[in-house]
There are 2 protein chains.
Amino acid sequence: MKSIEIDEELYQYIASQTQYIGESASSILRRLLAMESQGSTSEQTVTSAPVKAEASEAKLDKEAKAVKLVEADKGSVFDHINKEDLATQRGAVGRFLVILQALYRVHQNDFDVVCGIRGRDRLYFANNENALAESGSSTKPRQIPDSPYWVITNSNTTRKKMMLTEVSLALGYSEEQAEKIREFL
Amino acid sequence: MKSIEIDEELYQYIASQTQYIGESASSILRRLLAMESQGSTSEQTVTSAPVKAEASEAKLDKEAKAVKLVEADKGSVFDHINKEDLATQRGAVGRFLVILQALYRVHQNDFDVVCGIRGRDRLYFANNENALAESGSSTKPRQIPDSPYWVITNSNTTRKKMMLTEVSLALGYSEEQAEKIREFL
DNA sequence: GATTCGATCGGAGGGATAGTTA
DNA sequence: TCTAACTATCCCTCCGATCGAA
């Protein structure tokens with residue numbers, strides 16, 4: 001183990017990127033710097049279906065905790081949205097996916113709720129490409145990066161913003177926070 | 001100033017990213033993490049012509065140092081190529097630009113040599129859009145990110161690879177290294 | 001004739017808007 | 001019927017393989 005000196009602001013930033021209690025500085029930095037995690041081959045296939053929701057007895061607790069998490073982590077999704085990535089996206093579709101990716105990262109366990117968000121006759125989200133493709137014509141499904149979920153992409157920017165707002169609210173964000181998230185697009 | 005503990009390999013990696021003697025860990029990390037540098041409004045317009053080369057008395061020393069740098073930093077361009085960025089690029093043009101950006105970052109002072117690389121009748125590189133646009137038809141010039149240089153973009157992937165190889169060699173890389181660089185595309 | 005180079009044009013992706021449905 | 005919400009067609013831009021030119 002080596003020790004390095006960094007300024008306060010940078011320290012706070014790194015700390016804010018923690019993904020689980022007790023995550024080490026090395027782990028956080030490796031993730032942020034997109035280095036391979038030491039040793040592991042790290043070939044994570046994330047194409048499998050999302051983990052089934054807990055048996056309903058645990059359900060209420062789960063939800064309460066989710067809200068708590070959003071409260072405690074206030075603004076954390078905002079840190080998870082890699083501004084760099086966002087900026088390099090050439091179009092709204094790219095930004096849309098980056099934002100959803102960030103939301104997924106922070107809300108992996110509750111992300112299933114997005115599947116309840118849909119249009120009049122087509123689905124908006126699903127955990128497989130086909131469900132979306134079959135629910136309409138030319139829906140242009142795209143996988144949300146590093147996640148098992150897919151989104152429809154054939155819609156105007158206005159609708160994409162609406163979708164983001166709905167997702168945000170479904171995940172427990174306030175109207176104000178949802179507004180901020182939508183504005184990234 | 002805060003102090004954090006990181007593992008040896010990560011420490012080495014960060015150290016390898018030093019851009020000038022005595023650069024602080026904070027400075028390096030901020031650059032790698034693409035954070036705004038503290039305080040400064042940092043509105044860097046990089047559209048101006050590249051900084052003039054030093055008065056010739058210092059020139060030889062400068063060049064000697066540049067070569068040394070490539071030697072000492074062997075593989076540093078490779079670290080400068082943000083794998084993450086590369087991966088998120090949807091097409092060869094995007095990757096092409098990311099790679100050139102990395103090369104520019106490491107060889108800012110010698111980058112002018114690329115302007116000598118050209119096709120039969122069109123220019124490949126220049127420090128302004130127009131020179132390229134006028135040297136051929138539909139050359140699709142694009143600015144190399146964070147640099148004052150532009151490249152032609154209307155060519156097949158094979159030619160883009162050739163261009164990368166020529167750039168690498170012109171900047172002093174070995175055939176083997178050039179090969180590696182070209183393979184990023 | 002062989003090879004290198006250029007840029008046209010087919011193809012894919014993006015997303016505004018015309019059109020449809022409730 | 002009129003309007004609001006939603007869909008997906010279709011135009012535009014970007015990409016880059018292919019084929020004609022040098």
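Sequence lines set the chain letters: A, B, ... in the order given, protein chains first and strands last, and positions in each chain run from 1.
Counting to the nearest Å, the C1' atom of dC5(C) and the CD1 atom of I117(B) are 16 Å from each other. As a whole-Å value, the separation of M163(B) CE from dG6(C) P is 10 Å. Rounded to whole Å, the distance from NZ on K161(A) to C1' on dG15(C) is 13 Å.
Around atom CZ of F184(B), more than 12 heavy atoms belonging to other residues, nucleotides or ligands sit under 6.0 Å away.
In this structure E175(B) satisfies the side-chain hydrogen bond (donor to acceptor under 3.5 Å, both in side chains) test with no other residue, sequence neighbours excluded. Applying the ring-ring contact (aromatic ring centres under 6.0 Å, His included) rule to F111(A) yields the partners Y104(A), Y149(A); only residues at least two apart in sequence or on another chain are considered. Applying the side-chain hydrogen bond (donor to acceptor under 3.5 Å, both in side chains) criterion to S174(B), with sequence neighbours excluded, gives E176(B), Q177(B). Qualifying side-chain contact (heavy atoms from CB on, under 4.5 Å) partners for E129(A), counting only residues two or more places apart in sequence or in other chains: P141(A), W150(A). Take S26(A) and apply the side-chain contact (heavy atoms from CB on, under 4.5 Å) test, not counting sequence neighbours, and it matches S24(A), I6(B), D7(B), L10(B). Under the rule for a side-chain contact (heavy atoms from CB on, under 4.5 Å), D121(B) has no partner lying at least two apart in sequence or in another chain. Judged as a side-chain contact (heavy atoms from CB on, under 4.5 Å), and not counting sequence neighbours, the contacts of R159(B) are Y124(B), S155(B), N156(B), M162(B), M163(B).
Between dT8(C) and S138(B), a contact under 4.0 Å exists linking OP1 or OP2 to a side-chain N or O.
Across all strands, M162(B) comes closer than 4.0 Å only to sugar-phosphate atoms, never to a base (heavy-atom distances). Residue Y124(B) is in sugar-phosphate contact alone, with no base atom involved, counting any heavy-atom pair closer than 4.0 Å across all strands shown.
No option in Q108(A), Q101(A), R105(A) other than Q101(A) meets the side-chain hydrogen bond (donor to acceptor under 3.5 Å, both in side chains) test with D146(A).
For DNA chain D, the contact window with chain B, defined by any atom under 4.0 Å from a protein heavy atom, covers dC15(D) to dA22(D) in 5' to 3' order.
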Produce the list of close N/O pairs, under 3.5 Å, pairing protein atoms with atoms of nucleotides 19-22 of chain C; give distances to one decimal.
residue, atom, partner, partner atom, Å
dT21(C), O2, R120(A), NH1, 3.3

Under 3.5 Å, N/O pairs linking protein and nucleotides 10-14 of chain C:
residue, atom, partner, partner atom, Å
dG14(C), OP1, R142(A), NH1, 3.3
dG14(C), OP2, R142(A), NH1, 3.0

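A 4.5 Å side-chain heavy-atom check between R142(B) and L97(B) finds at least one atom pair inside the cut-off.
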Under 3.5 Å donor-acceptor pairs involving side-chain atoms of residues 164-172 of chain B, not counting sequence neighbours:
residue, atom, partner, partner atom, Å
T165(B), OG1, K161(B), O, 3.1
T165(B), OG1, R182(B), NH1, 2.6
S168(B), OG, L164(B), O, 2.8

